[in-house]
K.L.:
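Take this structure, written in structure tokens, and hold onto it; I'll ask about it next.
The chains referred to below are lettered A, B, ... by the order of the sequence lines, with proteins before strands, and numbering in each begins at 1. We use all heavy atoms of the structure for the numbers below, so side chains are in, but hydrogens, waters and symmetry mates are not.
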Protein chains: 2
Amino acid sequence: MNISTKVMGRLARYRALLTDYFPKEKTHIFSHDLAAMMGLSASQIRRDLMCLGYFGVPRYGYEISELVKHINNVLDASKLHHVAVVGAGNLGRALMTFLESRRATLKIVAAFDDDPDKANRVLNGVPCFHMDLVEEVVKRDDIRIAILCVPGAVAQRVTDLLVKSGVKGILNFAPVPIRIPVGVVLEEIDLTSALERVAFFTNNRANAPKEKRHADR
Amino acid sequence: MNISTKVMGRLARYRALLTDYFPKEKTHIFSHDLAAMMGLSASQIRRDLMCLGYFGVPRYGYEISELVKHINNVLDASKLHHVAVVGAGNLGRALMTFLESRRATLKIVAAFDDDPDKANRVLNGVPCFHMDLVEEVVKRDDIRIAILCVPGAVAQRVTDLLVKSGVKGILNFAPVPIRIPVGVVLEEIDLTSALERVAFFTNNRANAPKEKRHADR
DNA sequence: GAAACGATGTGAAATCTTTCACATCACAAG
DNA sequence: CTTGTGATGTGAAAGATTTCACATCGTTTC
């Protein structure tokens, strides 16, 4: 089964919802109910769950603990990944706090910044190093994934350094597109354009895409 | 012309790239070059630009200033929107700083938080109010868009309050899906699942989606 | 035990997005 | 003026994603 980025992202969100925000006393759930909570269609939920190799029982729905176990399985949740935050400005530090302890298998083990005042300190619970030490620390701590929060002007340069040091996956928050060599995984989150999208469709309802996620579904 | 969410997001990014990170002395650009910078195909760029009603000239490419003007036009960039950040924790405050002054037409005019210590102060350049004042301030300042950065447990409750107060668009960073009534626009950014996506495809190259954005393109 | 129910799993259709391929066009060169 | 060049604009194909529709099956009810 080939899992697309979209399916993969939804599976992660199903798991988060079921493990963190679902009544503990419930043991089963219907595709229909999960759909309502997620703001998706029931058939889409079922289609996604088909990737898991776990099957629900008609009339009973899906057993939540099994479902979570199978999602973990497919998402390889047992492997521990070391993650670095690169650029310890406001956004970088906020992400350290936000992401820490949210997924046990994704551990933020280092931060890097250009500012000498930030180096050699513990920021938001994460040891911070000067950018000059990227290559050394990335190799030493086996850091495979970087969260990039540096200014746009240096984003490409820092990316090249990270890749050279052995980083295999980058989550980019810098407001410019970056280039990576084959074999490195890139995910970009453009916060500005996300806000602009909301603004656009807010006063432009005519152009709005198909409505989803409405309360009275 | 019906502009999809995806096209809309890319147009915003083209504009950001051209206005903020492109040599000022260049007056024209080819679809091919913009594609290389964005990590997309040239035909996709041309297809997107077709939505603008502005046409490039063969052999010369697109005139940058005209292109930006037409993107502004389509994205309604002349309208000023008042935005509120709801939840002034680490992430909320970082977003205030990050997003402020990035787009002149999207102005963050207020922040809200439950914590009485944060109320009635100016945080990161934005006046902060207690959550009890949401309805009053949203109406008073004509706030149409909210950036939601509250803990998952209260996200739905706060959303309902925002909608009741007249907010028409929500950018949700809380780690749970939220429900909105018809007529309100919602965009969700799930930071945790974004990081998980990177992690997944990083040690799972076999499943990786079609490669894009590689340096040697 | 048989029938009804109400959920799942899934082939096929519909829809949305991207890419291909090439006609067309503006300019440059001869 | 004519031809060649190297871009654009776009119909149509290909590909990806979502939805539809219904066969199927485990449970409950009678």
K.L.:
Quick check against the 3.5 Å criterion: does B:R179 have a side-chain atom that pairs as donor or acceptor with the backbone of A:A36?
P.N.:
yes
K.L.:
Restricting to side-chain contact (heavy atoms from CB on, under 4.5 Å), what partner residues turn up for B:V154, sequence neighbours left out?
P.N.:
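side-chain contact (heavy atoms from CB on, under 4.5 Å) check on B:V154 returns B:V150, B:P151, B:R157, B:V158.
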K.L.:
Within the supplied structure, the quantity of interest is the number of heavy atoms (other residues, nucleotides, ligands) at a distance under 6.0 Å from A:Y60 OH; does it exceed 12?
P.N.:
no
K.L.:
Is the shortest heavy-atom distance from the side chain of B:Y21 to the side chain of B:M37 under 4.5 Å?
P.N.:
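B:Y21 vs B:M37: side chains apart.
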K.L.:
Calculate the interatomic distance between B:I45 atom CD1 and C:dC20 atom P; express it in whole Å.
P.N.:
14 Å
K.L.:
I'd like to know if the side chain of A:D48 pairs up with that of A:Q44 as donor and acceptor (distance under 3.5 Å, no hydrogens or angles considered).
P.N.:
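No pair is found: no donor N or O on one side chain lies under 3.5 Å from an acceptor on the other.
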K.L.:
So does A:R46 get a side-chain nitrogen or oxygen closer than 4.0 Å to the phosphate oxygens (OP1/OP2) of C:dT8?
P.N.:
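The answer is yes; a side-chain N or O of A:R46 sits under 4.0 Å from OP1 or OP2.
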K.L.:
Report all side-chain donor-acceptor pairs from residues 73-93 of chain B shorter than 3.5 Å, counting only partners two or more places apart or in another chain.
P.N.:
unit_1: B:H82; atom_1: ND1; unit_2: B:D141; atom_2: O; d: 2.6
unit_1: B:R93; atom_1: NH1; unit_2: B:A88; atom_2: O; d: 2.9

K.L.:
In whole Å, what is the span from the CD atom of A:E63 to the P atom of D:dT27?
P.N.:
12 Å
K.L.:
What is the distance, to the nearest angstrom, from the CZ atom on A:R59 to the P atom on D:dA23?
P.N.:
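Between P of D:dA23 and CZ of A:R59: 19 Å.
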K.L.:
Between C:dA21 atom P and B:Q44 atom CD, what is the distance in whole Å?
P.N.:
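Whole-Å distance recorded here is 17 Å.
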K.L.:
For the helix from C:dG1-D:dC30 to C:dG30-D:dC1, measure the angle between the helix axis at one end and the axis at the other, each built from five pairs, rounding to 10°.
P.N.:
0°
K.L.:
Hey, which sits more toward the 5' end of DNA chain C by its nearest nucleotide, A:R47 or A:V57?
P.N.:
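Final value for this comparison: A:V57.
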K.L.:
Would you say a side-chain N or O of A:S31 is under 4.0 Å from OP1 or OP2 of C:dT8?
P.N.:
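Answer is yes, contact under 4.0 Å.
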K.L.:
If you compare every side-chain N and O of B:Y54 against the phosphate oxygens of D:dG9 (OP1, OP2), does one of them come in below 4.0 Å?
P.N.:
no
K.L.:
Specify the separation, in whole Å, of atom OH of A:Y60 and atom C1' of D:dT28.
P.N.:
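So the two atoms are 10 Å apart, to the nearest Å.
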K.L.:
Using whole Å, report how far CE of B:M8 lies from C1' of C:dC16.
P.N.:
18 Å
K.L.:
Would you please confirm or rule out a distance under 4.0 Å between OP1 or OP2 of D:dT18 and any side-chain N or O of A:S41?
P.N.:
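Answer is no, no contact under 4.0 Å.
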K.L.:
Take the protein atom CG of B:L34 and the nucleotide atom C1' of D:dT8, then report the distance between them rounded to whole Å.
P.N.:
14 Å
K.L.:
Rounded to the nearest Å, what distance is computed from the CG atom of residue B:L67 to the C1' atom of nucleotide D:dT8?
P.N.:
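The distance from CG of B:L67 to C1' of D:dT8 comes to 13 Å, rounded to the nearest Å.
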K.L.:
If each of A:P58 and B:Y62 is mapped to the nucleotide of DNA chain D with the nearest heavy atom, which maps nearer the 5' terminus, i.e. the 5' end?
P.N.:
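By nearest-heavy-atom nucleotide position, the 5'-most residue is B:Y62.
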K.L.:
Should the pair A:Y62 and A:Y54 be assigned to parallel (<30°), tilted (30 to 60°) or perpendicular (>60°) ring geometry?
P.N.:
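Tilted.
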